[in-house]
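Heads up, the thing below is written out as structure tokens.
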Amino acid sequence: MSNVHPYVGRAEPRVDGALKVTGRAKYAAEFRADDMVYAAAVPATIAKGRIVALDLSRALSAPGVLDILTHENRPEIPESDEPYLNDMVAVPGSPFRPLKDDRIVYGGQAIALVIADTHENARHAASLVAAEYEAETPVVDVAAARGEAYDTFEPRDGIPPPPPPRGDAEAAFEGSAIRLRHDYRVAPEHHNPMEMMATTVVWEGEGRLTIHTKTQGVINPKNYICAVFGLDPDKVIVNSPFVGGAFGMALRPHYDLMLATMAALKLERSVRLVLTRAQMYTMGWRPDTLQTVALSASADGALTSISHHAVQATSRYEDYQEPTVNWSGLLYDCPNVSLKYELAKIDTATPSDMRAPGATLGVYALEAAMDELSYELGIDPLELRLKNYAERDGNDDKPFSSKELKAAYAQGAERFGWSKRSPEPRSMRDGKELVGLGMATGCWEAMMQPHSASATLSADGRLEVACGTADIGTGTYTILSQIAADEFGLDIGDVTARVGDTTLPMAPVEGGSWGAASAGNAVRAACKALKEDLLKHARGLDGSPLSNAAIDHVAFANGRIALGSDESQSVSFADAVRASGQAAVSAKADFAPDEDFSKKFAAYTHSAVFAEVKVDEELGVIRVTRVVSAIAAGKILNLATARSQILGGVVMGIGMALHEETLWDKRLGRVVNANLGEYHVPAHADIQNIDVIFVEEDDKANPLGVKGLGEIGIVGAAAAIANAVFHATGRRVRDLPITIEKLL
Ligand code: MOS
């Protein structure tokens, strides 16, 4: 074991790595119970209308079938006084309730739940459920709905509406020498995590349930399910120790949780429901969005106006919102800014957060437009960004808590070799391929949320830290272990971190890149509280060498609390624990963001992304041969897991630029490529050289100096690639993905 302090800041291997690669890490669909039965959801074959008749006869007589739940026979669900059913990440509107009534509001909506003795029997019987519908014509294209776009919605919690205009963007635009206005569109995307949404409800008897469900935060689905079914929170445990990718899709509870619980309560036995890959396309998605960006500048390249307008798809039943245009008011220094954000209702499930919601789309459009402006001006794209560098957040008129974006530009450009770029489009070649170099800026908010954590030291010298947050694959177990090991000078092997269980201290969902800063600081605070307690016990020992020692004068290392470097002036952890009269000493602490600080400062992470593409002129094939992503995100807790987050973000950016596209049949309103054969994500062969740089950035927003980086890696990546494609080919494609036919 490596006992090299500090662990924080190193490329420490994942503490759960061995569990994952040996299959011992258990996911929601892998828990079982002796009495367990299997459920399968039946999808509607229309996208809008109502169910006229259901014929269950064939399905009911299929082998192994125990029951079929529909809107006609499902158990009564008590009316809840909670309008959002306690879903803390609900959006304004009326949450979707599966099997509520005969209405079909989106394609693939569950119309029945078959329960059988095996997974296979349930799936087979589900295929035998027949439904007769009265179908209406759905609209699934935001462009077709934009005529009814509206901005009169109730704002979603935590999503700031666009700031009021500053200056007069229109007048400045009209009066400027250099100007452009273009429309941009990014295809709708689905998250496509490896792990399906799944719920295993274990019936513990007497109304007690242990629910294993895929989620980015266990406390939210617990509160939700208790509100939906009127359950006693003391009788429900929700557990989700490992998550096989989520990217935002497991923030809100989905119908697998609701239906599996409904079935378990009705049958009074354990039920497992795993959604199919196709059913993963019937829930949250990155919304179809139409954007228009207008920029103007003086001849020297100083921006004179920015206008950014987005119309974003939402469902009929909820006003999903994300911060799409706001970035255009803070990324550059510009006196005249006009931002507008509207929603348009279509007949799909409600969209959802998907990695860097809002920023991924909005910053793409802004950074593509900035690239276009650089050519209009005849100024290097990087120089144009530097020329308009924002030293303050123009939206809130505040200084940044820290902003090392200039260092990110410089180090990224140096590593990438940006200076070797020849400015003219189509001027660089490698054999028969055109070569293009492009760049873009990325930005994401550095957020924090209140979290609680506990720390427990046993007499055998082992430390356990716990927090009800989630490790969605980002490395939470590892960073919490590093932080705790450093606080006590322990070997990381003597530390256990626990997350993903409602019996642990309070945490909201893990999203928005706030996990590391929030759970990390909560664990740090719990360790500090535990150290105080231990010192108190150590002081109380007969003849304690620490009897007068203050916490600031002792060190915790090598299993001892020591005053100075003299061993005789110390008490072992074991003796301190024994002095408590208990087998272990435990402390709890709460972390909350410092509101005074956030009133004074704007906290954001930034990136400078540089991309090289090679384009086969005859075939239109684009290869992303090199990406350098230079990140300014405060203190980096773990260089290995942090790098993985940025790599993953860049890979998703490559997907957005070149591959990913959820396609709805416009007449039927159903997704036609609801599988990984036809929804293209980047494969290994699409990924070449990705280089990640973390620039030094000292931030004071929280004691650890952490800003979070689960999302910043994707922001700007697609724009850098699209800009590189223009540089290679001279073709400006403004609707992503840039598939072959758009280049030919
Ligand atoms: Mo993230 S889209 O907040 O999981």
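Owing to the predicted nature of the structure, the values given are computational and were not obtained by experimental measurement. For ligands, and for the atoms within them, numbers begin at 1 and follow the listed sequence.
- Counting only heavy atoms from C-beta outward, the side chains of T314 and P351 approach each other to under 4.5 Å.
- At distances below 3.5 Å, at least one donor-acceptor pair connects side-chain atoms of R272 with backbone N or O atoms of A29.
- Going from atom OG of S352 over to atom CZ of F247 covers 12.5 Å, rounded to the nearest 0.5 Å.
- Between the side chain of E189 and the main chain of R286, no donor-acceptor pair closer than 3.5 Å is present.
- Taking distance alone, with nitrogen or oxygen atoms compared against 3.5 Å, G248 approaches ligand 1 more closely than that limit.
- For ligand 1, the atoms closer than 4.0 angstrom to any heavy atom of R355 are 2 (S).
- Near M354, the atoms of ligand 1 lying under 4.0 angstrom from a non-hydrogen atom of the residue are 2 (S).
- Ring planes of F400 and Y604: perpendicular class, angle over 60° (limits at 30 and 60°).
- Of the protein's non-hydrogen atoms, G512 N, 2.6 Å is the one closest to atom 3 (O) of ligand 1.
- Aromatic ring pairs are classed by plane angle as parallel below 30°, tilted from 30° to 60° and perpendicular above 60°; the pair H190 and Y679 is perpendicular.
- Atom 4 (O) of ligand 1 has Q216 NE2, 2.8 Å as its closest protein atom, hydrogens excluded (heavy atom only).
- With a 4.0 Å cut-off on non-hydrogen atoms, P357 touches ligand 1 through its side chain and not its backbone.
- Every atom of ligand 1 is numbered from 1 in the order shown, and the set under 4.0 Å from a heavy atom of D353 is 2 (S).
- A donor-acceptor contact shorter than 3.5 Å links the side chain of Q291 to the backbone of L361.
- Listed by number with element, the atoms of ligand 1 under 4.0 Å from a non-hydrogen atom of L251 are 3 (O), 4 (O).
- Judged by the shortest distance from any of its heavy atoms, E711 lies inside the 4.0 Å radius around the atoms of ligand 1.
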